[in-house]
Amino acid sequence: MKLALIGIGQAGGKVVDAIVDYERRTNTGFVVDAIAVNTARSDLRGLRNIPESRQVLVGLTRVKGHGVGADNELGAEVTAEDVGEVLSMVDDLPVHEIDAFLVVAGLGGGTGSGGAPVVARELKHIYTEPVYGLGVLPARDEGGIYTLNAARSFQTFVREVDNLIVFDNDAWRKTGESLEAGYGSINAELARRLGVLFSAGEGDGSGAVAESVVDASEIINTLASGGISTIGYASVELDRPKRGLLSRLSGGAADAEDGGDSTNRITSLVRRAALGRLTLPCEISGAERGLVVVAGPPDVLSRRGIERARTWLEDETGTMEIRGGDYPVGSNFVAAVVLLSGVYDVPRVKELQAVAIETQRDMLAKRESSAASLDDLISTGDDRIEPLF
Ligand SMILES: Nc1nc2c(ncn2[C@@H]2O[C@H](COP(=O)(O)OP(=O)(O)OP(=O)(O)O)[C@@H](O)[C@H]2O)c(=O)[nH]1
Ligand SMILES: [Mg+2]
């Protein structure tokens, strides 16, 4: 499936950078174009795979290239003021070649949090292709303002996109490692999940023909539930000798394996993917739609395995709308990606909203009491000092 990626803010830019890196290394060709939008010049400079010609610095007259300092209302305002620049860059690309847009942002800061819903809304207004969002939630310990930003942006972003894929930094933090240091590996992990999902159907150039290839329409139909989505992933290295000497010595039979092995491998991989760590942890029962993609060398992509895995996922989620297929790649790994769309039982989102409401209340109360305290501090009782103006 062919995508145009638009990363907004620092996290948005870095995640898009990581997706492009994945795409180049795997030569999968699912990224037609990648654009980075930011209010901070220094954030744009750090990008390795998005050239300056595909970068847009917004809000220059207002914030002078220094970012919006986690003020997402300002992020939304300056992005709206300069959205024409973003749209004319999108207009340069061959939109007829793409299947969808993916707008990516961290929701806890200012630029991405405020700007992503603005850009999504404009794209939807102009183009008929679906506009998906990828929203990164802040970790719990990032503090109240990040939580409040994320809760507000989430509400808006989910309304402006056809589907919001969510990634929760909190679930992905590694113990003993600061979040900052961990971003590189977290972004690479996210890029791999999205990469396997979206490159399915594009083929790897090996010319292999799958039995039941996943194509773009299946991904689009799965995401057409609307609402929010989460992605699970699991992979296993094949325990078999590399092709070559051994298989030649044994007349090629060394590579052949029992069909039952392939079936079991796939069902257990899909189970691990769906029940392991999701990009957004949630209760999978009640998901509206699902898609199973199994990637690996063609000779181990058992159709029966994928069928069984689909049936299992139907039982787990309680929905009949589980699509599935394979994605042949020349690799010694087999990987399963499970996309669950229209998930509603998400404790983390509920918690985020509750904390945001509390933070908002505290901030308002604090603002009022500060104003009163300042009045008190400078009050001179009945004797008046006239202010200058
Ligand atoms: N997964 C991931 N999350 C990140 C990364 N960088 C930042 N974040 C998260 O994204 C949130 C928003 O931060 P930024 O993207 O830096 O904010 P911004 O959109 O640039 O906005 P301002 O800096 O306020 O102008 C943070 O609270 C983090 O949770 C990253 O590289 N990967
Ligand atoms: Mg920033």
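Order of listing sets the numbers, starting from 1, for every ligand and every atom in it.
Using a 4.0 Å cut-off to heavy atoms of Gly106, the atoms of ligand 1 that qualify are 10 (O). The ligand atoms of ligand 1 that sit less than 4.0 angstrom from a heavy atom of Glu142 are 26 (C), 27 (O), 28 (C), 29 (O). Interface atoms of ligand 1 facing Asn169, defined by a heavy-atom separation under 4.0 Å, are 1 (N), 2 (C), 3 (N), 4 (C), 9 (C), 28 (C), 29 (O). Against a heavy-atom cut-off of under 4.0 Å, Gly110 is close to the following atoms of ligand 1: 21 (O), 22 (P), 24 (O). For ligand 1 and Val136, the ligand atoms under 4.0 Å from any heavy atom of the residue are 1 (N), 3 (N). The ligand atoms of ligand 1 that sit less than 4.0 angstrom from a heavy atom of Gly112 are 19 (O). Near Asn187, meaning under 4.0 Å from any of its heavy atoms, are these atoms of ligand 1: 1 (N), 2 (C), 30 (C), 31 (O), 32 (N). Ligand-side atoms of ligand 1 in range of Tyr146: 27 (O), range being under 4.0 angstrom from any heavy atom.
For Asp43, the N, O or S atom closest to the Mg ion (ligand 2) goes by the atom name OD2.
Look at Arg361 and Glu358 and you find no salt bridge, because none of the NZ, NE, NH1 or NH2 atoms lies under 4.0 Å from a carboxylate O.
Polar contact with ligand 1: present for Ala11 (N/O pair, distance under 3.5 Å).
Of the heavy atoms in Lys14, only side-chain atoms (C-beta onward) come closer than 4.0 Å to ligand 1. Counting heavy atoms under 4.0 Å from ligand 1, residue Val68 touches it through both backbone and side chain.
Inter-residue side-chain proximity for Leu301 and Ser262 is flagged as unmet; no heavy-atom pair is nearer than 4.5 Å.
Donor-acceptor pairing under 3.5 Å is lacking for the side chains of Ser285 and Thr317. Counting only N and O atoms by type, the side chains of Asn163 and Ser229 include a donor and acceptor under 3.5 Å apart.
Of all non-hydrogen atoms in Ala356 and Leu148, the two that sit nearest each other are O-CD1, 3.6 Å. Scanning both residues, Val349 and Phe154, for their nearest heavy atoms gives CG1-CE2, 3.9 Å.
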Sequence neighbours left out, cut at 3.5 Å: what donor-acceptor pairs do the side chains of residues 119-133 make with other protein atoms?
| unit_1 | atom_1 | unit_2 | atom_2 | d |
| --- | --- | --- | --- | --- |
| Lys124 | NZ | Asp162 | OD1 | 3.0 |
| Lys124 | NZ | Asp162 | OD2 | 2.8 |

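Put simply, part of Ala70 is less than 4.0 Å from ligand 1, judged by heavy atoms.
There is a path of hydrophobic side-chain contacts, each under 4.5 Å, that joins Tyr233 to Ile231.
Within a 6.0 Å sphere centred on CD of Glu314, other residues, nucleotides and ligands contribute more than 12 heavy atoms.
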